[in-house]
Structure formats: structure tokens, C-alpha cells
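Have a look at the structure below before the remarks.
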2 protein chains.
Amino acid sequence: MQESTRGNVRDPACPGRQLFDLVTARWASLVLVDLIAGPQRWSELRRRAGGVSDKMLAQTLRDLEAGGLITRTVHTSRPPTVQYALTDLARGVTSALQHLQDWAEQHTGDYVHHRDTYESSPQP
Amino acid sequence: MQESTRGNVRDPACPGRQLFDLVTARWASLVLVDLIAGPQRWSELRRRAGGVSDKMLAQTLRDLEAGGLITRTVHTSRPPTVQYALTDLARGVTSALQHLQDWAEQHTGDYVHHRDTYESSPQP
DNA sequence: CTGTATCCTTAGCGATACTG
DNA sequence: CAGTATCGCTAAGGATACAG
């Protein structure tokens, strides 16, 4: 499905860099990992993202949809509900994001310890 | 080595979130993947990061060092050279970062295609 | 070569109010 | 419920100049 052309993350002008920035963006990564468990509604995502504003969530979801990472499905009930779900494209990267978040949570203690003991490096 | 306390990435106030933000930061992720190949000097990192400013590189490296993800070694030659290297802590996360970048580069084509065909969703 | 200090512009982001 | 629109602040980040 993907082209033979390969992106270059180290080139700021390359779309590949933009894609990388997209999935590692502040709220996008949280949303993507959330959706591993299955399709979610707006209100679910908002609550589970922990502290995101309406504006940022909307922008994040639109960016992800535009990039082909999630789908948006409107259920015309009353009141209307909307479901967001991962695409196959996204499913190729969620495991790495999950791994990243797990790692951060497991090594929080190490990190804090380093920050505490990190004072100015020893000099005369 | 790590504490039994586990961080929570979804809590903006938790250090675990800060750690996650640190490793996914714009330049930090590029630097960390660069260092997989082995210790690098300032000038190497600056060139390979592709478009980073002195200020941002310095800030990134200081943050990574403070967090215990890289070490900084000064070789007092003339002119002085400085080497940066991964710590064991960092080595637990570089593979995920590498995977993320590989994925972004491999699927750049899909991403661009979606952005092109993504116009306003079809409505009446 | 390896940075630090300062200025200054931009854009990320939250708060608020409003709509289908 | 699921968003959009506008305002305004702050901080990220580039440019430039200078230093150990």
C-alpha cells in the first residue's frame, strides 16, 4: 500500500517529519493509545486524556483524521454521538507509542532521582 | 533499580508525563536515535539533527543529561571536544523511538496521500 | 570547537462564549 | 453531546553576538 518513496525524519521539510511530529504530539499520542482498546466517543477521549481543552482535542482529532490515522463516524441519534477509531495505518505505530508510555511510567522513579541529584556538575 | 512507584502519563502533574514529553521532544528524539550508533560529538549531533539551532541543541542536551538519559564527557584537548553517549536508562527506550521513526519514514507516502485526498468530508 | 546571553517574533494553548 | 469562534497570554524557538 505504501509508496516506494521513503521519508526522511531528519529533514524538516519532509512530510515524513510532519508525520512523526503528528503521532508524537502532546495529545495525539495519548489519544492513539487510548483507541487501542477500541472505538471511543468524544466525551470518553476528553475525560481520559486528562486535562485537554476542547480546542486542543478538536484540533488533534482533525489532524489525526486528515493524516489517515483515525476515522470519525457520526451516529445521527438524538443527541448525536461520534465515534473515533484507529485505521490500519495507525495500528502500525500504536504498539511503539504504548511501549514508550509504559517505559516512561516504569522509569519515572529513575528520572526523578536523576533530576534530584543533578545539580551543577562538579567543578573547582 | 527503579522504584516500585509507577508514573502516570495521563496526569499532567506527574513526573512520568514530563519524562514522556522529554523523550518525545522535537530534537531529543532525533538525538537519542542518533546516539544508538555510539557516542557523538556536539558538531556531529548538530549536523545530523538537520536544522537545529545552537540554543535548542544545548537546551535539549542539558535536559537529557539532567534526566539521566545521556552522559556528557569533556576531553580537554586543544581545542576541547565533548562526547555525548546514551545511558542504560536511555537504552531502554531508543528502540521504540527508532521504531517510531522507521514507521514514519515508511508510511510517508500513505500520509501524504491522505492529506491530499482529505478535503471537507462529503456532505449533501 | 563548544557553548552562553540577549533580543524578538511566532505560534501553541487555555479560557470563554456560542451553535447545531 | 459534540463541537466552533475569538481573544489574549505565555513560552517555544530562531537570529545574532559574544566567550571559554
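Order of the sequence lines sets the chain letters (A, B, ...), proteins ahead of strands, with each chain counted from 1.
The side-chain contact (heavy atoms from CB on, under 4.5 Å) search around A:Pro39 returns A:Gln83, A:Ala85, not counting sequence neighbours. Taking B:Arg47 as the reference, B:Glu44 meet the side chain to side chain donor-acceptor pair (under 3.5 Å) condition, with sequence neighbours excluded. Every residue meeting the salt bridge (charged side-chain N to carboxylate O under 4.0 Å, His left out) condition with A:Asp54, not counting sequence neighbours, appears here in chain and number order: A:Arg46. With sequence neighbours left out, the side-chain contact (heavy atoms from CB on, under 4.5 Å) criterion links A:Ser53 to A:Lys55, A:Met56.
Contact annotation: B:Arg46 side-chain N/O to C:dG3 OP1/OP2 distance is not under 4.0 Å.
The two residues B:Leu86 and B:Arg91 make their nearest non-hydrogen contact at O-NH2, 3.0 Å.
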Got a list of side-chain donor-acceptor pairs under 3.5 Å for residues 27-34 of chain B, not counting sequence neighbours?
from: B:Ser29; atom 1: OG; to: B:Ala25; atom 2: O; distance (Å): 3.2
from: B:Ser29; atom 1: OG; to: B:Arg26; atom 2: O; distance (Å): 3.4
from: B:Asp34; atom 1: OD1; to: A:Arg10; atom 2: NH2; distance (Å): 3.0
from: B:Asp34; atom 1: OD2; to: A:Arg10; atom 2: NH2; distance (Å): 3.3

Residues 11-23 of chain A, side-chain donor-acceptor partners within the protein, below 3.5 Å, at least two apart:
from: A:Asp11; atom 1: OD1; to: A:Ala13; atom 2: N; distance (Å): 3.0
from: A:Arg17; atom 1: NE; to: A:Val9; atom 2: O; distance (Å): 3.4

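Taken to the nearest 0.5 Å, the CG atom of B:Leu35 stands 5.5 Å off from the CG atom of B:Leu45. Atom CD1 of residue A:Ile70 and atom OG1 of residue A:Thr87 lie 8.5 Å apart, to the nearest 0.5 angstrom. Between the CG atom in B:Leu69 and the OG1 atom in B:Thr60 there is a gap of 12.0 Å [rounded to 0.5 Å]. Distance CD/B:Gln106 to OG1/A:Thr5: 11.5 Å, rounded to 0.5 Å. A distance of 6.5 Å separates CG in A:Leu89 from NE2 in B:His107, rounded to the nearest 0.5 Å.
Residue pairs meeting the ring pair (Phe, Tyr, Trp, His ring centres under 6.0 Å) criterion with at least one member in residues 29-86 of chain B: none, sequence neighbours excluded.
Atom-to-atom, CG of B:Leu61 to P of C:dG3 comes out at 7 Å; the value is rounded to the nearest Å.
The bend of the helix from C:dC1-D:dG20 to C:dG20-D:dC1, defined by the angle between the axes of its first five and last five pairs, stands at 60° to the nearest 10°.
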Close N or O pairs between protein and nucleotides 11-15 of chain C (under 3.5 Å):
from: C:dC13; atom 1: N4; to: A:Lys55; atom 2: NZ; distance (Å): 2.9
from: C:dG14; atom 1: OP2; to: A:Ser53; atom 2: OG; distance (Å): 3.2
from: C:dG14; atom 1: O6; to: A:Lys55; atom 2: NZ; distance (Å): 2.6

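Contacts of residues 73-87 of chain B with DNA chain C (heavy atom under 4.0 Å): B:Pro79, B:Pro80, B:Thr81, B:Val82, B:Tyr84. Taken residue by residue, residues 29-42 of chain A places heavy atoms nearer than 4.0 Å to DNA chain D at A:Arg41, A:Trp42.
B:Glu105 and A:Arg6 are joined by a salt bridge, as a carboxylate oxygen and a charged side-chain nitrogen come within less than 4.0 angstrom of each other.
Along DNA chain D, read 5' to 3', the first and last nucleotides having any atom under 4.0 Å from a heavy atom of chain A are D:dC1 to D:dC7.
Here B:His99 and B:Trp103 keep their ring centres 6.0 angstrom or further from each other.
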